[in-house]
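Both counts, for ligands and for their atoms, begin at 1 and track the order of listing. Just so you know, residue 1 is the first one in the sequence shown, and it goes up from there. It should be emphasised that the depicted structure is a prediction, and the values quoted were computed from it without experimental measurement.
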Amino acid sequence: MKPVGKVLCATGVVAGLIAFFWKDDFNPESLSGARVLVTGASAGIGEQIAYHCARFGAEIVLTARREAVLQKVMEKCLTLGAKKIFYIPADMSSPSEPEKVVQFAVQKLDLEFSCRITLVPGFGAMETKSCFLDSVFFIQVNFLSYVALATAALPTLEKNRGVLVVVSSLTGKMPTPFTTSYSATKFALEGFFSSLRHELIMQKRDVSVTLCILGLIDTESALEYTRGKVHLSACPAPEAALAIVRGGAARAHEIFYPRWLQQLCCLWALVPSSGNQVLRTFYNYSSP
Ligand SMILES: NC(=O)c1ccc[n+]([C@@H]2O[C@H](COP(=O)([O-])OP(=O)(O)OC[C@H]3O[C@@H](n4cnc5c(N)ncnc54)[C@H](OP(=O)(O)O)[C@@H]3O)[C@@H](O)[C@H]2O)c1
Ligand SMILES: *[C@@H]1O[C@H](CO)[C@@H](O)[C@H](O)[C@H]1NC(C)=O
């Protein structure tokens, strides 16, 4: 039997690897020869996901907008051990691109395609100039494109016991200040993909959906948006990426990185108003 295909669409950065952090049931062998589509693969968490998949011997399709950067990531993946690798430049703010990307991946990786879809386009909205325009843009890039990618990949995933990996954020569970549009898209991802997971299970369709709830990760874009604004330390992107890859490989429904975010969410649900008060103290903001 061939390993199950996976489509990974991710945008992001992560680094690091902590053995005690992982469940023991992760078997890197299971990723050898797996077919993975990584979105947001030119930088940040997505780039690190690509490197982990390469080390585990996966066959990979990378996508993001910047072709020259994708080429560099591709070369590094080859030196790390990727079995096969391709890239396709695409801008997820255009509604037709997600399907094109999935078709490219299905074709290049031969149908029997392990798809893990991790999508990680754009961080942002700390300083919103036009809330409305921002929302429209975010909804396309951070939500609708994920839906389109998943829709296009689902038939192939179904044939291969595939995995959809969706990169979300703490702010998709627990709203945080100065992230209005961004938070809205992460809540939308949570609703859409958790509902989809129910359906797939009830219909006995063997595609797993892994939602990844991340805290602050030290990617360049995240650090730039949060510098001087929050009193929080960021976790390493390679480590976050590994948590994501392992979660997908284990067919987990949800993973939290760092892990204590899970307890934080439970606590916040129990005492939301004190939780929100404490949360606001982590922000460096004084009203004019
Ligand atoms: N970093 C954090 O603190 C953090 C926390 C929680 C969740 N997350 C989530 O993790 C994911 C990755 O975040 P990150 O910090 O790694 O971001 P990042 O470093 O800014 O990387 C973003 C990636 O997305 C690609 N991208 C951006 N806009 C795109 C578009 N319109 N079309 C196609 N690709 C696009 C970028 O490549 P090009 O510029 O080449 O297109 C890049 O590869 C996001 O979903 C984010 O919400 C991050
Ligand atoms: C808080 O913000 C002010 C200006 O907005 C800045 O000068 C200061 O350095 C920030 N403090 C921290 C601890 O980042």
Side-chain angles (χ1 to χ4, degrees), residues 8-15 37-50 62-73 87-98 100-101 117-127 137-146 148-149 165-174 176 178-179 181-190 211-241 243-244 255-258 261 281-288:
L8 240 184
C9 312
T11 311
V13 173
V14 174
L37 167 60
V38 184
T39 59
S42 65
I45 298 164
E47 178 186 357
Q48 299 300 321
I49 288 173
L62 307 171
T63 186
R65 289 167 302 181
R66 290 168 297 161
E67 179 161 11
V69 191
L70 285 173
Q71 214 154 4
K72 286 208 186 104
V73 175
Y87 70 84
I88 175 169
D91 185 345
M92 293 296 159
S93 65
S94 152
S96 59
E97 295 290 271
K100 210 176 82 188
V101 167
I117 295 204
T118 304
L119 243 196
V120 189
F123 197 74
M126 289 298 278
E127 274 167 319
F137 177 77
F138 268 90
I139 288 167
Q140 177 58 46
V141 175
N142 272 2
F143 176 62
L144 295 178
S145 75
Y146 287 58
L149 280 160
V165 178
V166 178
V167 178
S168 187
S169 159
L170 182 64
T171 198
K173 291 268 186 202
M174 188 177 129
T176 54
F178 307 113
T179 51
S181 305
Y182 179 75
S183 180
T185 61
K186 295 301 190 190
F187 268 79
L189 287 177
E190 173 88 26
L211 261 175
C212 306
I213 315 302
L214 307 183
L216 183 60
I217 309 300
D218 68 355
T219 65
E220 261 175 56
S221 62
L223 294 181
E224 191 186 312
Y225 280 114
T226 54
R227 192 167 293 128
K229 292 176 187 144
V230 293
H231 314 294
L232 284 171
S233 51
C235 297
E239 211 173 275
I244 291 167
I255 64 121
F256 289 82
Y257 177 86
L261 292 184
T281 66
F282 286 95
Y283 286 75
N284 177 20
Y285 181 80
S286 49
S287 41

Any donor-acceptor N/O pair, Lys186 side chain to Val167 backbone, under 3.5 Å: yes
Give the ring-plane orientation class for Phe138 versus Tyr182, where under 30° counts as parallel, over 60° as perpendicular and anything between as tilted. perpendicular
Could you check if a side-chain atom of Thr226 sits within less than 4.5 angstrom of a side-chain atom of Leu216, using non-hydrogen atoms only? yes
Can you sort out which atoms of ligand 1 are near Ala41, meaning under 4.0 Å from one of its heavy atoms? 43 (O)
Heavy-atom contacts under 4.0 Å between Ala90 and ligand 1: side chain, backbone, both, or neither? backbone
Looking at Gln48, Arg65, Glu47, the heavy atom closest to atom 29 (C) of ligand 1 belongs to Arg65
On a heavy-atom basis, which atom in Ala41 and which in Ala64 lie closest, and how many Å separate them? N-CB, 4.0 Å
Taking 4.0 angstrom as the limit and counting only heavy atoms of Tyr182, give me the atoms of ligand 1 inside it, by number and element. 6 (C), 7 (C), 8 (N), 9 (C), 46 (C), 47 (O)
Any atoms of ligand 1 less than 4.0 Å from a non-hydrogen atom of Lys186? List them with their elements. 45 (O), 46 (C), 47 (O)
Member of Glu67, Arg65, Arg66 meeting the side chain to side chain contact (heavy atoms under 4.5 Å, CB included) criterion with Val69: Arg66
Residue part near ligand 1, for Thr219, under 4.0 Å between non-hydrogen atoms: side chain
Report the part of Ala234 (side chain from C-beta onward, or backbone N, CA, C, O) that has a heavy atom under 4.0 Å from ligand 1; answer both or neither where that applies. neither
For Phe143, is there any backbone N or O sitting under 3.5 Å from a side-chain donor or acceptor partner on Thr185? no
Heavy-atom distance under 4.5 Å between the side chains of Thr176 and Tyr283, does that happen here? yes
What part of Glu220 sits under 4.0 Å from ligand 1 if we count only heavy atoms: the side chain, the backbone, both or neither? neither
Closest heavy-atom contact between Asn284 and Gly228? ND2-O, 2.7 Å
Under 4.0 Å, heavy atoms only, figure out whether ligand 1 is touched by the backbone of Phe137, its side chain, both or neither. neither
Under 4.0 Å from any heavy atom of Val167, which atoms of ligand 1 are there? 9 (C), 10 (O), 11 (C), 45 (O)
Just jot down the ligand 1 atoms closer than 4.0 angstrom to any heavy atom of Ser221, in number order. 15 (O), 17 (O), 18 (P), 19 (O), 20 (O)
Step-by-step side-chain contact (heavy atoms from CB on, under 4.5 Å) determination, Ile213 to Phe256: CA-CA 5 Å; Ile213 315 302; Phe256 289 82; 3.7 Å; yes
So if I count the atoms of ligand 1 from 1 in the order they appear, which ones are less than 4.0 Å from some heavy atom of Ser168? 6 (C), 7 (C)
Please could you name the atoms of ligand 1 that Leu216 approaches to less than 4.0 Å, counting only its heavy atoms? 3 (O)
Can you name the residues that come within less than 4.0 Å of ligand 2, going by heavy atoms only? Gly228, His231, Asn284
Atom indices of ligand 1 within 4.0 angstrom of Ala222 heavy atoms, with elements: 1 (N), 2 (C), 3 (O)
